[in-house]
Engineer: 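Supplied in structure tokens, the structure appears directly below.
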Amino acid sequence: MLWVNRIVGAAIIVAAFLLWELAAEFPADARQFPRVTLVAIALLSAIMIARSFISAVAPIGDGEGTRSLAAIIRPIAVFVLVVLAVIAMHFIGFFPAMAALALCLMPLLQVKYRISYGLACLSLFLFIYVLFVAFLNVPLTTSQLLSF
Amino acid sequence: MEALAIIADVLTPGNLLAMLVGVVGGLCIGSLPGLTANLGVALLLPVTFKMDVTPALLMLMSLYTSAIYGGSFSAILLHTPGTSASAATAIDGFALTRKGEFNKAIRISTFASVTGGVASALALLLIAPPLSYLSLKFGPAEYFMLAVFGLTVIGTLASGNMVKGLIAGAVGLFLSTVGLDLDSGIPRYAFGSTEVHGGIGFVPAVIGLFSLSQALLMCEEAHRSIQLTDVIKGAWRYLPTWDEFRRIRMTVGRSSIIGIIVGILPGAGGDIGSWVAYNEAKRFASKDSEFGKGSILGIAASETANNATTGSALIPLLTLGIPGSATAAVLLGALIIHGLLPGRTLFTEHAHVTYTVIMGFLLANLLMGVIGMTVGRYMNHVTRLPNSSLIPGVVMLSIVGSYSLGNNLFDVYTMLAFGGIGYLMRKGGFAPAPMVLGLILGPIAETGFRQAAVLAKGPLLVYILGSPISMVLFALTLLSIASALYLEIKRIRSIRQEHADA
């Protein structure tokens, strides 16, 4: 994990430098505070990189979840599906998009009991409809395709 | 008369319903391994937007305390703490369950949690009002130092890695500057988008950082589910026996005090409180051979202390605006969203609301005990839900929750962005709580910083550190960094030693 700290630290320092430069366009009062935070971010990132080279104080056991690169494939795939579902929400409406998402997640999450999973999703849709649509009057997106 | 009016207000059907929803929601969320109090409060936050301030805060605070208690169910049943605050409970609780004494473990856990929660509500009621006078002495420099101190403490103590915690906090501070500058009207870091002129939405960011990132983490073990054998033998008993009460009373009293003290310390939440109380109980019960193998003292110590931190974590929050825990940081955002600013005004201008919420919090702890024991025998079904059933729920509620804030998809995209960032942060060892706090404290810190810059006649640093309060806050900031550094190096050395021994 130490190499992650080095790469992330370096990336943060570069980003902080670029954001510092962008702040030059702001009035003097408006750029002071963001620049103070950027200096702090860059300094701390430098410390993080330096620490990763000193074995006596190098961090151990950072990070949550399973410690393998293969383990993050499924979360990334789920994240991509969620982003696509949100984009689809705009065109086909909230409930159809979420139903499609629930279907696509089934193989990815290795769902064993499909009927229970389906019932759980239906209950969730009902809960969302009652709470957000009927009770809180949230106008969830509807299908734009039907309006043509 | 005012006290009676407050009690009458707490008992209105709307407020009771809000507490009931919070308590039941918290129990379910807390009992599910992987779902935390932070996630619950973040998901519930959008629902409270259109509510009156009192039931909204009551619902959130009830969920907070109930989720901490709910964590004990999965700790006792599955040896898997529902929340990190129940980790110590798992040791003795699960040992009792394996002996078929699930009921005994749950009734001790419930009694201890309720006692700890009520004690912390009383501490909140007694300590917060006088402490709030301190906020009257705060000027721009003190507020700036307070924000720095709050951020440092959460960044250093609440996360395992001090430097990464501080980086997350500083990034949160920086992100709070995105949007229109209120003085000049110039957009900062908007990159041509008018949608961020109002700043980065705090609630979508919180939902993304806590909820969506958690769902993504759970995807790593999507098929995880646990099978149980029969854990309940005989009739279901709701209260501890007289003998059990006599055995645990001193432990409960001591752990309440420990929990309250630990909860007041910013950054030190229920997990630290429960371990400190557990260790103290172990020290006092040196002759108890059952300790660690199913002792009711272990359960009582851990559960009393973790619930005792819930109310006391709100003491620095309500009086000075420093959250005592990560969940309290989200509650700080809720206060601000509902137009309430921490400090003396909460106990003067908004006294009725504040005291109603505190009294309601006390009642919610009692309600939690009644509901907990009633549904306790069925909780083994809830805790067995596999991740694959929970993930779609958390994802969809995150989407609909962030959409409902302003009925626009931009908030959902913000939530998605912070969800992705939050997941990568957590994988890389960056805790999301300091970033959330940075987002909340950013405007306070910047206002203090800019006003101090105007008022300072000489060097800014000399002005900021010029008052005794600022000096104390500065010293505390250094102390928190030094203590975190010491603890971290000690932890690293012990891990290295373990590796070397192995």
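Proteins get letters first, then strands, A, B, ... in listed order; numbering begins at 1 in each.
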Engineer: Test A/Phe26 against B/Asp181 for side chain to side chain contact (heavy atoms under 4.5 Å, CB included), laying out the working first.
Structural biologist: CA-CA 9 Å; A/Phe26 311 151; B/Asp181 172 45; over 6 Å; no
Engineer: Quick one: closest heavy-atom pair of A/Ile41 and B/Ala170, and the distance?
Structural biologist: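 In this case the closest contact between A/Ile41 and B/Ala170 is CG1-CB, 3.5 Å.
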Engineer: Quick one: side chain to side chain contact (heavy atoms under 4.5 Å, CB included) partners of A/Leu124, sequence neighbours excluded?
Structural biologist: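 For A/Leu124, the residues satisfying side chain to side chain contact (heavy atoms under 4.5 Å, CB included) (neighbours in sequence not counted) are A/Ile128, B/Met396, B/Leu397.
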Engineer: Below 4.5 Å from any heavy atom of chain A, which atoms of B/Phe49 appear? Answer side chain, backbone, both or neither.
Structural biologist: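 For B/Phe49, no heavy atom lies under 4.5 Å from chain A.
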Engineer: What part of B/Ser184 gets within 4.5 angstrom of chain A, counting heavy atoms only: side chain, backbone, both, or neither?
Structural biologist: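 Interface part for B/Ser184: side chain.
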Engineer: Only heavy atoms, only distances under 4.5 angstrom. Which residues in residues 445-455 of chain B are near chain A?
Structural biologist: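 Under the 4.5 Å heavy-atom cut-off, B/Ala445, B/Glu446, B/Phe449, B/Arg450, B/Ala453 qualify.
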Engineer: Backbone N or O of B/Ser389 within a donor-acceptor pair of the A/Tyr117 side chain at under 3.5 Å?
Structural biologist: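 Side chain of A/Tyr117 to backbone of B/Ser389: no pair is present.
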Engineer: Top residue by heavy-atom pair count (under 4.5 Å) with chain B, among A/Ser116, A/Ala102, A/Pro27, A/Pro139?
Structural biologist: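 Ranked by heavy-atom pairs under 4.5 Å with chain B, first place is A/Pro139.
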Engineer: Taking A/Ala23's backbone N and O only, do any of them form a donor-acceptor pair with B/Arg188's side chain (distance below 3.5 Å, no angle check)?
Structural biologist: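 Here the side-chain-to-backbone pair does not exist.
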Engineer: For the candidates A/Leu22, A/Leu43, A/Asp29, A/Val78, which exhibits the highest count of non-hydrogen atom pairs separated by less than 4.5 Å from chain B?
Structural biologist: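 The answer is A/Asp29.
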Engineer: Please give me the minimum heavy-atom distance between B/Glu220 and A/Pro75, naming the atom from each residue.
Structural biologist: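 Looking at all heavy atoms of both residues, the closest pair is CG-CG, 3.6 Å.
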Engineer: Checking heavy atoms, do the side chain of B/Val412, its backbone, both or neither come under 4.5 Å from chain A?
Structural biologist: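 The side chain, not the backbone.
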Engineer: If I measure from the heavy atoms of chain B, does A/Ile12 come under 4.5 Å with its side chain, its backbone, both, or neither?
Structural biologist: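 It is the side chain, since no backbone atom gets that close.
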Engineer: Under 4.5 Å from any heavy atom of chain A, what part of B/Val400 do you find: side chain, backbone, both or neither?
Structural biologist: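 Contact with chain A involves both backbone and side-chain atoms of B/Val400.
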Engineer: With respect to chain B, which residue among A/Ile76, A/Val8, A/Leu140, A/Leu105 yields the maximal number of heavy-atom pairs within a distance under 4.5 Å?
Structural biologist: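 Ranked by heavy-atom pairs under 4.5 Å with chain B, first place is A/Leu140.
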Engineer: Given heavy-atom pairs under 4.5 angstrom as the criterion, report whether the side chain, backbone, both or neither of B/Leu424 touches chain A.
Structural biologist: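 For B/Leu424, neither part sits under 4.5 Å from chain A.
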Engineer: Where on B/Pro46 is there a heavy atom nearer than 4.5 Å to chain A: the side chain, the backbone, both, or neither?
Structural biologist: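 No part of it gets close to chain A.
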Engineer: Examine whether an atom of B/Val47 lies under 4.5 Å from a heavy atom of chain A, and if so say whether it belongs to the side chain, the backbone or both; otherwise answer neither.
Structural biologist: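 Both parts, backbone and side chain.
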Engineer: Would you say B/Tyr189 and A/Pro34 make side-chain contact, with heavy atoms under 4.5 Å?
Structural biologist: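 Contact flag for B/Tyr189/A/Pro34 side chains = yes.
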Engineer: Let me know if B/Leu173 has heavy atoms under 4.5 Å from chain A in its side chain, its backbone, both or neither.
Structural biologist: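 Backbone plus side chain of B/Leu173, per the 4.5 Å heavy-atom cut-off to chain A.
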Engineer: Tell me, side chain or backbone of B/Ile167 under 4.5 Å from chain A's heavy atoms, or both, or neither?
Structural biologist: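 Both backbone and side chain.
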Engineer: With respect to chain B, which residue among A/Val82, A/Ile47, A/Val86 yields the maximal number of heavy-atom pairs within a distance under 4.5 Å?
Structural biologist: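 Counting heavy-atom pairs under 4.5 Å, the top option is A/Val86.
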Engineer: Under 4.5 Å from any heavy atom of chain A, what part of B/Leu416 do you find: side chain, backbone, both or neither?
Structural biologist: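 Both backbone and side chain of B/Leu416 come within 4.5 Å of chain A.
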